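Counting starts at 1 for both ligands and their atoms, in listed order. Position 1 is the first residue of the sequence, and the numbers go up from there. Treat the numbers as computed from the prediction; the structure is a model and nothing was measured.
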Amino acid sequence: MSKSNLNKIVIQKGDITQLSVDAIVNAANNSLLGGGGVDGAIHMAAGPELVEECKALNGCKTGEAKMTGGYRLKARHVIHTVGPIYSGSPDDPKTLARCYQNCLQIAQTNDIKTIAFPAISCGVYGYPLSDACKIAVETTLEMLSQCPIIEQVIFMLFSDDTYSIYINYINTMKQ
Ligand code: ADP
């Protein structure tokens with residue numbers, strides 16, 4: 001895997017709803033009509049216009065992604081993706097990787113230069129953190145070599161343990 005785009009990856013700790021980027025990614029569910037965790041926080045911050053736009057999208061399959069406006073968020077867009085519910089099956093890593101691929105593909109085709117991801121599937125969907133971190137970073141690095149529009153990818157981590165797993169992983173890659 002090429003590490004040449006590592007300098008485009010930023011690891012931060014905090015609330016993704018507060019970021020001024022072109023797009024934030026929502027770890028949504030198949031209905032796209034809101035839920036708990038980061039999904040609830042994004043809908044709360046974006047305001048009721050977001051769910052109105054989402055209603056017209058007819059949901060989203062697991063591993064796929066769909067884009068909406070950002071409404072009252074500082075981010076111009078929200079890219080909604082649905083991560084796998086962790087089961088230990090060999091499909092889990094492939095499906096989680098497809099979430100990152102599809103979000104970054106949408107970014108590339110919509111002139112999105114800065115994008116922020118939460119730790120997809122790492123909350124109620126139960127994905128083991130270090131496995132999910134590796135998939136997130138490696139898939140993003142692979143995609144960045146095909147997505148020259150994208151200048152910065154922020155991984156916005158909410159919890160101390162998720163943040164330290166990402167920081168440690170990136171630091172070992174930089175060695
Ligand atoms: P999933 O259903 O995909 O597991 P969750 O929302 O339950 O989604 O959790 C995904 C990750 O998002 C978890 O690591 C959780 O700590 C984190 N998270 C929750 N709220 C926020 C927020 N406001 N900003 C960034 N990350 C958040």
Side-chain angles (χ1 to χ4, degrees), residues 9-51 54 57 59-89 91-104 106-107 112 114-140 143 152-170:
I9 291 182
V10 177
I11 311 295
Q12 280 184 41
K13 188 169 173 295
D15 180 358
I16 202 166
T17 67
Q18 300 306 308
L19 288 177
S20 303
V21 285
D22 293 336
I24 62 171
V25 173
N26 182 14
N29 57 43
N30 295 117
S31 77
L32 293 188
L33 299 180
V38 71
D39 192 9
I42 289 172
H43 275 276
M44 184 82 80
E49 299 91 343
L50 180 59
V51 80
C54 285
L57 297 177
C60 182
K61 290 183 184 148
T62 305
E64 296 186 358
K66 294 186 177 180
M67 191 169 78
T68 65
Y71 299 97
R72 300 177 200 181
L73 293 165
K74 293 174 196 159
R76 279 196 295 128
H77 300 283
V78 180
I79 301 174
H80 307 261
T81 189
V82 184
I85 298 172
Y86 185 74
S87 68
S89 107
D91 283 343
D92 292 340
K94 294 177 199 157
T95 309
L96 186 59
R98 282 177 52 231
C99 290
Y100 288 93
Q101 286 159 358
N102 285 323
C103 289
L104 293 166
I106 286 175
I112 285 165
T114 55
I115 179 171
F117 283 95
I120 299 164
S121 286
C122 291
V124 294
Y125 283 2
Y127 215 104
L129 297 183
S130 43
D131 294 348
C133 166
K134 195 164 181 288
I135 292 164
V137 173
E138 290 187 358
T139 308
T140 297
M143 287 298 291
Q152 189 173 65
V153 177
I154 300 172
F155 289 109
M156 192 65 169
L157 293 325
F158 202 57
S159 67
D160 289 333
D161 51 349
T162 317
Y163 175 76
S164 54
I165 284 169
Y166 272 74
I167 281 285
N168 289 338
Y169 187 65
I170 286 284

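No heavy atom of G35 sits closer than 4.0 Å to any atom of ligand 1. Proximity of S121 to ligand 1 is established by a heavy-atom distance of less than 4.0 Å.
The shortest N/O to N/O separation between D15 and ligand 1 falls below 3.5 Å. Between T17 and ligand 1, no pair of N/O atoms sits closer than 3.5 Å. Of the polar atoms of V38, at least one N or O is found under 3.5 Å from an N or O of ligand 1, judged by distance alone. Remark: ligand 1 and G123 share an N or O pair separated by less than 3.5 Å (distance only, no angle test). Below 3.5 Å of separation, one finds an N or O of I16 facing an N or O of ligand 1.
Listed for the S31 side chain is no donor-acceptor partner under 3.5 Å among the backbone atoms of G59. The backbone N or O of V82 sits nowhere less than 3.5 Å from a side-chain atom of N29 that would complete a donor-acceptor pair. At least one donor-acceptor pair under 3.5 Å links the side chain of D92 to the backbone N or O of S87. At distances below 3.5 Å, not a single donor-acceptor pair connects side-chain atoms of K66 with backbone N or O atoms of C60.
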Derivation and outcome, side chain to side chain contact (heavy atoms under 4.5 Å, CB included), residues N26 and V38: CA-CA 7 Å; N26 182 14; V38 71; 4.1 Å; yes
Verdict with supporting geometry, E138 and Y169, side chain to side chain donor-acceptor pair (under 3.5 Å): CA-CA 10 Å; E138 290 187 358; Y169 187 65; 2.8 Å; yes
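Expressed to the nearest 0.5 Å, how far OG1 of T140 lies from CD of Q101 amounts to 9.5 Å.
Residue contact check: V124 has heavy atoms under 4.0 Å from atoms 2 (O), 4 (O), 7 (O) of ligand 1. Short contacts between ligand 1 and A41, defined as distances under 4.0 Å to a heavy atom of the residue, involve ligand atoms 23 (N). Listed by number with element, the atoms of ligand 1 under 4.0 angstrom from any heavy atom of G14 are 24 (N), 25 (C). With ligand atoms numbered from 1 in the order given, ligand 1 contributes 10 (C), 11 (C), 14 (O) to contacts under 4.0 Å with heavy atoms of A119. For ligand 1, the atoms sitting less than 4.0 Å from at least one non-hydrogen atom of A27 are 3 (O), 8 (O), numbered in the order shown with element in parentheses.
Neither the backbone nor the side chain of S159 has a heavy atom within less than 4.0 Å of ligand 1.
Proximity of I135 to Y127: side-chain heavy atoms (C-beta onward) are separated by under 4.5 Å at one or more points.
Put simply, the residue from L104, I106, V21, L19 that forms a side-chain contact (heavy atoms from CB on, under 4.5 Å) with I115 is L104.
Here the shortest heavy-atom distance to atom 15 (C) of ligand 1, taken over F158, F155, F117, belongs to F158.
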